[in-house]
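Structure first, then comments.
Atoms within a ligand are numbered from 1 in the order they appear, just like the ligands themselves.
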Amino acid sequence: MSPTTANIIAKLASEHNLSDAELLALLTGTEDGINEQLACAADKLRRQYYGDKVYIRGLIEFTNYCKNNCYYCGIRAGNSLAERYRLSQEEILACCAEGYKLGFRTFVLQGGEDLYYTDDKICSIVSAIRRQHPDCAITLSIGEKSRASYQAYFDAGANRYLLRHETADAEHYAKLHPASMSLENRKRCLFDLKEIGYQVGSGFMVGSPYQTPRTLLSDLRFLQQLQPDMIGIGPYITHEHTPFKDRPSGTLEQTLRLLSMLRLLFPYALLPSTTALGTIHPEGRELGLKAGGNVIMPNLSPVGVRKKYELYANKICTGEEAAQCRGCLEARVRMAGYNIVTDIGDVRRTLE
Ligand code: 5AD
Ligand code: FES
């Protein structure tokens with residue numbers, strides 16, 4: 001690696017920021033060893049903030065109905081081949097109870113934008129979980145809503161919200177979404193969530209169609225403005241029943257590079273090593289941890305519905321019971337040199 005590149009990485013590791021030109025140089029660099037050097041610096045920093053801890057979040061995919069038509073997503077409204085399902089409040093509570101026994105202290109309720117779940121229904125689900133598991137964090141990931149709705153969920157007991165911005169470049173945003181959706185509203189949602197008091201997660205797909213180094217630079221700058229607690233990234237993975245069926249998936253290498261860059265830019269961040277990363281490579285999630293990730297979000301949904309929550313092709317862990325995933329992950333995380341912890345896992349904005 002050239003001394004210039006090594007210097008840029010060293011600067012990023014110590015200052016947690018770079019100029020646009022320097023960030024672009026890292027995003028586009030083709031020299032050998034860049035990813036290794038970035039991962040090494042990222043791992044060092046994550047150990048300063050989080051030690052060898054890996055937080056687990058139990059993901060409950062409770063509906064795959066969605067009113068939106070995002071061009072990349074397998075459960076888009078326009079995919080008439082998707083087999084739709086919804087979980088009842090009782091089924092969701094059963095997933096939480098099982099998760100609790102397995103050591104989960106955060107439940108992430110994720111779904112498409114499904115109008116069947118009115119605000120009253122969501123609040124009822126959230127407050128029931130809150131009553132049964134007062135020591136747990138409740139995370140929602142149910143898309144764009146009004147500020148009043150977000151406030152109602154918060155008042156019912158939700159503490160965290162995940163909403164990836166997907167891309168911070170308005171033109172790019174318009175190429176990934178139909179005209180009914182806008183980057184402006186997405187950002188409005190994220191800032192409303194923060195103001196209400198949620199711990200917020202945002203993020204984007206790596207290698208989505210029409211993504212460029214410039215759009216990635218806007219993503220990094222937007223995240224610096226938002227200062228989210230969690231940043232979720234994973235490779236874009238082609239789904240055959242979408243308008244992007246002929247577009248290539250994102251790569252392992254570019255995702256790992258961005259994970260390391262994110263760790264160095266946001267030392268405190270909760271960075272999941274995502275299921276999508278585990279889907280494009282058998283050891284993707286382990287590599288993601290070594291590149292700076294510190295969160296894993298295994299599936300707690302009933303096995304019967306898992307295959308149906310198909311955002312992208314060949315998703316892993318769709319046949320495993322929650323307990324099997326828990327055991328499997330324990331071993332994988334340990335092999336990678338880290339340790340799963342079962343506390344609530346709030347963000348740490350200061351050193352250990
Ligand atoms: N490949 C990878 N990630 C995807 N998502 C949606 N569709 C895909 C896909 N085809 C991601 C989006 C969304 C999150 C829940 O899943 O970033 O925010
Ligand atoms: Fe699900 Fe390994 S994490 S089977």
I want to check a possible cation-pi pair here: [X] against [Y], using under 6.0 Å from ring centre and within 45° of the ring axis as the test.
X: K315; Y: Y309; result: no
X: R57; Y: F107; result: no
X: R247; Y: Y210; result: yes

Open item on the list: Salt bridge check, D20 against R221: does any charged N sit closer than 4.0 Å to a carboxylate O?
Closed with: yes

Open item on the list: Check R326 with E330, please: is the shortest side-chain N to carboxylate O separation under 4.0 Å?
Closed with: yes

TODO: Take every heavy atom of R326, measure it against each atom of ligand 2, and state whether any distance is under 4.0 Å.
DONE: no

Shortest protein heavy-atom distance from [atom], along with the residue and atom involved:
atom: atom 4 (S) of ligand 2; result: E320 CG, 3.4 Å
atom: atom 9 (C) of ligand 1; result: I237 O, 3.5 Å
atom: atom 5 (N) of ligand 1; result: M205 SD, 3.8 Å
atom: atom 7 (N) of ligand 1; result: Y72 CD1, 3.3 Å
atom: atom 16 (O) of ligand 1; result: L311 CD1, 3.4 Å

TODO: Give the contacting part of E321 toward ligand 2: side chain, backbone, both or neither, where contact means a heavy-atom distance below 4.0 Å.
DONE: neither

Task: Residue portion contacting ligand 1 (non-hydrogen atoms closer than 4.0 Å) for P235 - done: backbone

Task: Side chain, backbone, both or neither: the part of H239 lying under 4.0 Å from ligand 1 by heavy atom - done: neither

- [ ] Supply the atom-to-atom distance L102 CG to T342 OG1, rounded to the nearest 0.5 angstrom.
- [x] 11.0 Å

Taking the side chain from [X] and the backbone from [Y], do they hold a donor-acceptor pair closer than 3.5 Å?
X: Y312; Y: A276; value: yes
X: H239; Y: A313; value: no
X: S218; Y: D169; value: no

TODO: Check each atom of ligand 2 against the heavy atoms of R285 and keep those under 4.0 Å away; list them by number with element.
DONE: 2 (Fe), 3 (S)

Task: For L329, atoms of ligand 2 separated by under 4.0 Å from a heavy atom - done: 3 (S)

Open item on the list: Under 2.8 Å from atom 1 (Fe) of ligand 2 - does any N, O or S atom of C328 fall there?
Closed with: no

Task: Atoms of ligand 1, numbered as shown, that sit under 4.0 Å from any heavy atom of C73 - done: 7 (N)

TODO: Would you mind running through ligand 1 and noting each atom that sits below 4.0 Å from a heavy atom of Y312?
DONE: 1 (N), 2 (C), 3 (N), 9 (C), 10 (N)

- [ ] For this output row, return yes or no: ring centroids of Y236 and Y72 closer than 6.0 angstrom.
- [x] no

- [ ] Please confirm whether E166 comes under 4.0 Å of ligand 1, counting heavy atoms of the residue only.
- [x] yes

Open item on the list: As a check for students: among E61, R247, R164, K315, identify the option with a heavy atom nearest to atom 14 (C) of ligand 1.
Closed with: R164

